[in-house]
There are 2 protein chains.
Amino acid sequence: MAKSLTRIQQRNRSVIMDAGLDMFSQHGFKGATLDQIADAAGLSKPNLLYYFPSKEAIHTALLERLLENWLDPLQALDGAGDPVTEILAYAQRKLKMSRDYPRESRLFANEILQGAPRIKDILGTDLKQLVDTKADIIRGWSATNKIAPIDPYHLIFSIWSFTQHYADFDVQVRAVLGSDDPFDGASAFLEHVITRILSPNN
Amino acid sequence: MAKSLTRIQQRNRSVIMDAGLDMFSQHGFKGATLDQIADAAGLSKPNLLYYFPSKEAIHTALLERLLENWLDPLQALDGAGDPVTEILAYAQRKLKMSRDYPRESRLFANEILQGAPRIKDILGTDLKQLVDTKADIIRGWSATNKIAPIDPYHLIFSIWSFTQHYADFDVQVRAVLGSDDPFDGASAFLEHVITRILSPNN
DNA sequence: TCTTGATTTGACCAAGCGGTCAAAGGAACG
DNA sequence: CGTTCCTTTGACCGCTTGGTCAAATCAAGA
């Protein structure tokens, strides 16, 4: 199926999705126009619609591709590993995603901000199930005193919010810090805070 | 000046701004339409434009009103108070704003996500200056060992991101937690984490 | 070279959009 | 009751937008 695509088709679909990601992540779904996307992709608008049947289709394709990898960092959290190391590594993976894929993060943020009309069901099923599973693991670690007692759900929310903040609120962060790369500082802060919160000595 | 407004003018401007806040915070600037806003306000579109000269004007008025109070919680952080108490109280004030004014938070989030085209200058001046001032205070507390050493900027970012998360990503939070009110849990988490991070015993 | 299917485009369309305007309807006050 | 100013509206306009279509161009194999 996927192999039946021409080289030209592969290239153009890829170029279009990249241009669409630029526009949708920056202007939101309604704010982005097909003309902008076509222009950014270096194609005419009818030509763009030869590869994707509609604006909606581009957006859907982007969202689907995003969701394939969006949960990977949390999925990789290993209940058999060292608790503090695992949670810290998870947070760092998430921060790295904000650094390497800020557009994807903003695409996701736009979708959630608008009430997640296209992925609300996934949030309530796949995402909730995954978080429940990992929260159980963390709760277990707390119960056996391998980490300090803590609410696992809000811990996960705090990791999400903090790491995504550097992608979604990039402009604000750089306005305050003076446009130096904030990620190294964020990474160090993350390590310091998480180890301090979770270390079970008391 | 402001007193020269009729009762009807006051009421309608207020109703329009409320409807505009609903729409802009949910759909973004481009995603919201004058017809939607007029409809939500219970007015005809020309009537709406009798009170505000343009869609842009409604949006600007909302942003200006927002910015009047947006920085208050941080402004109130008192360098003469007890360090941990002050920072914790600041975070709780910020969380309360997410609880009481989620639409304002989302309006702000939309603006920042899109690159802050209308308030970027404020971020680099007023906001930066305020943050610098308060960061100095926090750094001072760290230096004199009244709180544990910590990067004040990323501490502030973490408070922003965590507290605003419950307004901006409300749908996701409720999808995971099952639509129970998340704010009490968030508040307890905040208190626990901040005291633990900042307590200078070591 | 010819044919076939993939690719590209200029011209076009209908709907939705922000915004205008002249005229009608109300409210307050003498 | 009449005047004046505030308020409201239906009809309309020009522009942008997502999307269509027939025709032109191109690529590749027989």
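Taking 4.0 angstrom as the limit, A:Asn12 places none of its side-chain polar atoms (N or O) nearer than this to OP1 or OP2 of C:dA6. Of the side-chain N and O atoms in B:Gln9, one or more sit less than 4.0 angstrom from OP1 or OP2 of D:dT7.
In this structure, B:Phe157 and A:Tyr166 have perpendicular ring planes: the angle between them is above 60°, well past the 30° mark.
Atom OG1 of A:Thr60 sits about 7.5 Å away from atom CZ of A:Phe29, to the nearest 0.5 Å.
Nearest to the side-chain atoms of A:Asn47 among the listed nucleotides C:dT9, D:dT20, D:dT7 stands C:dT9. The side chain of A:Thr33 lies closest to D:dG18 when the candidates are D:dT7, D:dG18, C:dC17. Closest to the side chain of A:Pro46, from the set C:dT8, C:dA11, C:dG18, is C:dA11. The side chain of A:Asp35 lies closest to D:dG18, out of D:dG18, C:dG19, C:dC17. Closest to the side chain of A:Ser44, from the set D:dG19, C:dT8, C:dT7, is C:dT8.
Rounded to whole angstrom, the span from the CZ atom of A:Arg11 across to the C1' atom of D:dA27 amounts to 13 Å. Protein atom OH of B:Tyr50 is 17 Å distant from nucleotide atom P of D:dG10, rounded to whole Å. Rounded to an integer number of Å, the gap from NE2 of A:His59 to P of D:dG18 is 13 Å.
If you check every strand for non-hydrogen atoms under 4.0 Å, B:Ala32 touches sugar and phosphate atoms only. Note on A:Tyr51: only backbone sugar-phosphate atoms sit closer than 4.0 angstrom, heavy atoms only; bases stay farther off. Counting non-hydrogen atoms under 4.0 angstrom, A:Leu34 reaches the backbone sugars and phosphates but no base. Across all strands, B:Ile8 comes closer than 4.0 Å only to sugar-phosphate atoms, never to a base (heavy-atom distances).
Between the side chain of A:Lys45 and the base of D:dG18 there is at least one donor-acceptor pair of N/O atoms closer than 3.5 Å.
By the 4.0 Å N-to-carboxylate-O rule, B:Arg99 lies close enough to B:Asp184 to be salt-bridged with it.
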